[in-house]
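See below for the structure under consideration.
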Amino acid sequence: MLAWLLLALGTVPVSAVEPIMISRDDVALDLSNAVEIYRGQGDNLQVSTAPDTNGIVRRIEVEATDARSGDWAVFALANTTDEQLDRLIVAPHFRLVGSGVIWPDLGSQRIAAITPSEGFALERQPSTDADEFLVTLDPGAIVTFVAELASPDLPQIYLWDPAAYKDTVNSYTLFRGIVIGIAGLLALFLTVLFVVKGTSMFPATAALAWAILAYISIDFGFLSRIVEISPGTEQLWRAGTEVALAATLVVFLFAYLNLSRWHNHFSYGVLAWILGLLVIAGVAVIDPAIAAGIARLSFAATAVVGLGLIIYLGAQGYDRAIMLVPSWLMVLVWLLGAWMAVTGTLDNDILQPAIGGGLILIVLLLGFTVMQHALSGSAIFQGLFSDMERQALAITGSGDTVWDWDVLRDKVVTKPDLSRQLGLPAGTLNGAARSWLPLLHADDRDTFRTTLDMVLEHRRGRVAQNFRLRAADGHYHWMSLRARPVVGSDGEVIRCVGTMVDITEQKKAEERLLHDAVHDNLTGLPNRELFLNRLDATIAMAGNEKKIRPTVLVIDIDRFKHVNDELGISAGDTILLTIARRLHRLLKPGDALSRMTGDQFVMMLLSEQEPGHIAAVADAVRQAIRSPVTFARREIILTASIGLVSWTAAQTSAEEMLKDAELAMYQAKRFGGDRIEPFRPAFRSIGTDRLQMESDLRRAVERKELRVAYQPIVRLDDGSIAGFEALLRWEHPRRGTIPPADFIPIAESSGLIVQLGLFAMQQAAEDLYSWQKQLGDIPLFMSVNLSSRQLIRRDLVGDVRSVVTRSNIKPRCFRLELTESIVMDNPEQSVHVLSKLKQLGIGLSLDDFGTGYSSLSYLTRFPFDTIKIDNSFLDDPTSKRNVLLRSMVAMAHDLGLSVVAEGLSDQGDIEQLRRIGCEYAQSFHFGAPADAEASLKLLMEQNPVVAN
């Protein structure tokens with residue numbers, strides 16, 4: 001019922017608050033967190049008091065003296081002593097701490113009146129800086145106070161002992177007086193300096209000093225003692241001084257750095273900035289808080305922009321910027337402290353006067369900087385240079401750094417400061433000689449220390465040393481120090497003076513030359529010499545460490561020469577670089593990769609020891625190379641022959657191990673390439689046999705050890721012999737019959753294949769003429785195989801013409817057989833040569849059709865008469881074999897070509913090929929290769945009438 005009645009009367013009851021206990025020893029209590037604020041409560045407030053000593057809670061109602069506010073603060077105090085206590089309730093008008101950056105609280109009257117729950121309203125004490133109320137608390141009394149707020153905020157409220165408060169105010173008054181006195185003297189001095197030295201930086205500095213003086217005077221309450229400030233205008237004055245402070249800082253920065261000399265845009269920007277602040281000063285009349293907030297942001301922006309300008313101009317060597325660094329660092333420190341204060345990060349009563357004192361330090365440093373600049377350069381140098389001056393100018397002109405070690409004081413000085421060149425804080429290297437040691441490279445410290453010690457010990461000599469100094473970014477700079485000692489009257493070294501030069505670029509050039517000497521220029525990989533050096537070191541460790549077992553892989557790209565021939569050297573280099581990157585990605589810690597020759601790489605494998613893992617790595621290398629390389633919208637598929645050898649105790653040198661791996665690689669090439677071949681000791685004899693065989697092959701023709709064997713080619717419709725394929729055979733006097741698979745590769749690699757091929761053509765043509773002479777003009781042809789070396793020879797057409805003419809056979813009876821891979825090595829050249837051969841009237845046969853990678857579109861360009869189907873198609877066990885055979889025969893007939901099937905061994909295959917229209921067949925089923933006499937006998941048996 002009572003609550004309803006109170007609501008009807010327009011008052012809302014406020015609950016009781018906890019009282020703050022006060023003792024005799026409490027000098028100052030912060031009540032800010034113990035005060036309860038009630039906003040918008042109207043012109044009266046009903047409060048429940050704190051319980052008294054008997055626990056009784058009473059209600060009091062307080063009526064406002066000014067109904068416009070409606071904000072109230074309630075707190076309770078309890079005197080726990082047995083005597084009467086006098087205390088001051090103090091609420092400062094302005095408090096910098098927690099005032100805020102944007103829309104800051106610029107201060108005002110905080111409390112209009114305070115009413116206690118007992119007795120009369122408290123009396124206000126005279127004060128221009130705070131609301132002060134004297135309160136007397138009886139012994140054991142518990143009193144609730146209701147404060148009528150004059151502003152929405154109550155930043156701080158204290159309960160002071162009157163005597164202690166007076167002492168505190170007096171102490172702050174002394175401090176403030178000293179600070180204001182220093183600020184006034186500085187402002188006056190800088191103004192006088194402006195009159196004496198009328199450059200623009202001096203009035204700018206003086207204006208900043210006067211703005212700081214005005215700000216401090218307002219902040220310390222000094223201005224109100226000189227000028228009458230009406231109540232409510234304190235905010236306007238404070239905002240105005242903050243705007244002036246922000247504006248004069250911009251003007252000082254512009255004038256001191258003389259920014260107009262760098263670009264007119266600086267002038268326009270500063271002018272716009274100042275005009276904007278002047279507009280803000282006008283806004284302060286309407287809303288001081290907005291003006292003060294913008295001024296604070298402007299001050300911070302000026303400090304940050306100024307830092308950037310000082311760094312940039314200082315890096316350009318502008319002396320004014322360099323001289324301003326200490327002062328501006330002080331500005332940044334002050335700005336950080338002010339920001340922490342206004343945001344409430346730091347909360348301390350000392351902060352506000354400290355911030356004001358910091359402004360004095362700033363203007364003091366700026367004044368010293370301006371004076372230093374004003375006084376520097378005022379001396380007039382006349383007359384001739386002395387020898388010392390001439391040497392000093394020569395050193396300055398050379399750009400060398402002077403290195404001066406004062407031995408007696410153990411202090412090193414570098415001019416100009418080497419620390420800046422290394423990005424270190426200024427003066428880092430200006431100190432004791434031992435302070436250089438932590439910045440020296442670990443490999444150079446002992447030498448540096450020993451050199452200086454030797455100079456001191458022997459008291460003569462020179463310092464000539466190159467060493468590395470670590471810069472701020474962690475990189476090392478090479479320095480060349482050249483100095484000599486200065487000996488005093490007592491014979492001891494008192495100084496050591498010389499010059500230092502940064503030789504980093506020179507050292508980098510030397511390192512590049514050294515790198516290029518042992519690395520491949522294209523891929524950047526180590527070359528053969530560096531690889532062998534590393535392998536030798538690894539083998540030496542392998543003898544003592546069981547866990548170190550190196551494996552060497554020699555990798556050779558198959559037929560890479562054709563890539564260079566078709567696409568060009570630059571394309572080949574690009575592909576090699578791609579392969580090198582792929583192989584490098586396969587390396588693990590401890591492994592090494594090197595480029596040996598053009599298309600040959602070698603890898604040292606230390607990360608794997610198990611044979612299975614080594615084989616997996618080798619296969620990964622093979623697959624990495626087999627992956628298509630896209631170049632100029634073409635996919636190029638490469639293969640590699642890989643030879644590998646793992647270290648054993650029998651291998652004592654890197655050369656030996658590498659040679660074994662190369663032998664294994666060559667064996668992989670003999671087997672057709674695209675394979676991995678582990679080393680076997682037997683490979684060593686293969687290399688020797690190969691050399692011997694090549695030597696024997698060169699004399700085989702002279703010794704008539706070579707002969708030609710003939711394998712018949714029959715017609716499938718009647719089984720008659722249509723012709724022969726001429727095959728070379730070598731009857732070695734000691735080795736016996738050597739198969740073509742063993743000596744033909746040697747003949748091709750050594751170039752003997754041209755001589756052997758010419759011998760085979762001539763012998764086959766002569767035997768054909770002899771058979772036709774004895775048997776009559778029967779339809780018979782002779783096929784001779786042609787190698788790639790013969791095809792690219794310019795004399796091939798002339799050789800064939802000469803063979804046909806000398807043997808007196810008809811050109812249509814003579815055929816040349818070429819494999820698909822030989823033709824496709826160089827299609828354009830092949831078309832040209834084969835067309836000229838066709839003009840001679842001879843036949844052309846395409847051997848091993850379908851086993852290569854050529855495009856079928858090339859068949860229409862080559863003038864072939866016959867294609868030979870490889871036996872791999874006949875051996876295919878799948879159901880698709882018949883489809884492929886039928887398609888190839890049909891395609892050949894559509895192109896006007898005849899077909900020869902190789903490797904027939906089954907009567908069913910013969911019947912099937914006869915049904916689909918295949919004209920010829922060749923295999924051991926129809927006859928093994930035989931000599932000329934046996935072949936003639938076979939022909940006579942087939943043609944008895946003609947023979948008789």
As an exercise, state the distance from [atom1] of [X] to [atom2] of [Y], rounded to the nearest 0.5 Å.
{"X": "Arg296", "Y": "Leu245", "atom1": "CZ", "atom2": "CG", "result": "11.0 Å"}
{"X": "Arg87", "Y": "Asn79", "atom1": "CZ", "atom2": "CG", "result": "8.0 Å"}
{"X": "Ile142", "Y": "Ile20", "atom1": "CD1", "atom2": "CD1", "result": "12.5 Å"}
{"X": "Ile60", "Y": "Phe145", "atom1": "CD1", "atom2": "CZ", "result": "10.0 Å"}
{"X": "Glu36", "Y": "Asn33", "atom1": "CD", "atom2": "CG", "result": "12.0 Å"}
{"X": "Asn44", "Y": "Glu61", "atom1": "CG", "atom2": "CD", "result": "4.5 Å"}

Exercise. List the steps, then state whether side chain to side chain contact (heavy atoms under 4.5 Å, CB included) holds for Val47 with Leu45.
Key: CA-CA 6 Å; Val47 181; Leu45 180 70; 3.7 Å; yes
Over all atoms of both residues, closest heavy-atom pair of [X] and [Y]:
{"X": "Phe75", "Y": "Ala34", "value": "CB-O, 4.3 Å"}
{"X": "Ile114", "Y": "Phe133", "value": "CD1-CD1, 3.4 Å"}
{"X": "Ala78", "Y": "Pro19", "value": "CB-CB, 4.0 Å"}
{"X": "Gly40", "Y": "Asp71", "value": "N-OD1, 3.0 Å"}
{"X": "Ala50", "Y": "Ala76", "value": "CB-CB, 3.9 Å"}
{"X": "Leu208", "Y": "Leu249", "value": "CD1-N, 3.9 Å"}

State whether the side chain of [X] and the backbone N or O of [Y] hold a donor-acceptor pair below 3.5 Å, judged by distance alone.
{"X": "Asp161", "Y": "Ala163", "answer": "yes"}
{"X": "Asp167", "Y": "Ala164", "answer": "no"}
{"X": "Trp328", "Y": "Ala303", "answer": "yes"}
{"X": "Ser419", "Y": "Thr428", "answer": "yes"}
{"X": "Thr343", "Y": "Trp339", "answer": "yes"}

Can you check whether [X] reaches [Y] side chain to side chain, under 4.5 Å on heavy atoms?
{"X": "Val62", "Y": "Trp72", "result": "yes"}
{"X": "Leu137", "Y": "Val143", "result": "yes"}
{"X": "Leu85", "Y": "Thr136", "result": "no"}
{"X": "Arg39", "Y": "Pro152", "result": "yes"}
{"X": "Val90", "Y": "Ile157", "result": "no"}
{"X": "Leu365", "Y": "Val363", "result": "no"}
{"X": "Arg59", "Y": "Thr49", "result": "no"}
{"X": "Val74", "Y": "Val35", "result": "no"}

Quiz item: Between Tyr158 and Leu31, does a side chain to side chain contact (heavy atoms under 4.5 Å, CB included) hold up when you go through it step by step?
Solution: CA-CA 5 Å; Tyr158 261 89; Leu31 306 181; over 6 Å; no
Quiz item: Arg24 and Asp82: salt bridge (charged side-chain N to carboxylate O under 4.0 Å, His left out), yes or no, with the steps?
Solution: CA-CA 9 Å; Arg24 185 183 301 106; Asp82 55 358; 3.6 Å; yes
Quiz item: Going by an N to O cut-off under 4.0 Å, is there a salt bridge joining Arg110 and Glu148?
Solution: no
Counting only heavy atoms not in [X], do more than 12 fall under 6.0 Å of its [atom1]?
{"X": "Arg420", "atom1": "CZ", "result": "no"}
{"X": "Ile102", "atom1": "CD1", "result": "no"}
{"X": "Glu123", "atom1": "CD", "result": "no"}

Quiz prompt | Under 3.5 Å side-chain donor-acceptor pair for Ser23 and Asp25 | solution = no
Quiz item: Can you find a side-chain donor-acceptor pair between Glu132 and Ser127 that sits under 3.5 Å?
Solution: yes
Quiz item: side chain to side chain contact (heavy atoms under 4.5 Å, CB included) between Ile89 and Leu122: does it pass, once the steps are laid out?
Solution: CA-CA 10 Å; Ile89 297 175; Leu122 302 185; 3.9 Å; yes
Practice problem: Take Phe252 and Thr302 through the side chain to side chain contact (heavy atoms under 4.5 Å, CB included) test and state the conclusion after the steps. | Solution: CA-CA 10 Å; Phe252 167 79; Thr302 304; over 6 Å; no
Practice problem: Report yes if the distance between the aromatic ring centroids of Phe299 and Trp334 is under 6.0 Å, otherwise no. | Solution: yes
Self-check item: Matching residue for Asp131 among Leu149, Leu154, Ile111 - test: side chain to side chain contact (heavy atoms under 4.5 Å, CB included)
Solution: Ile111
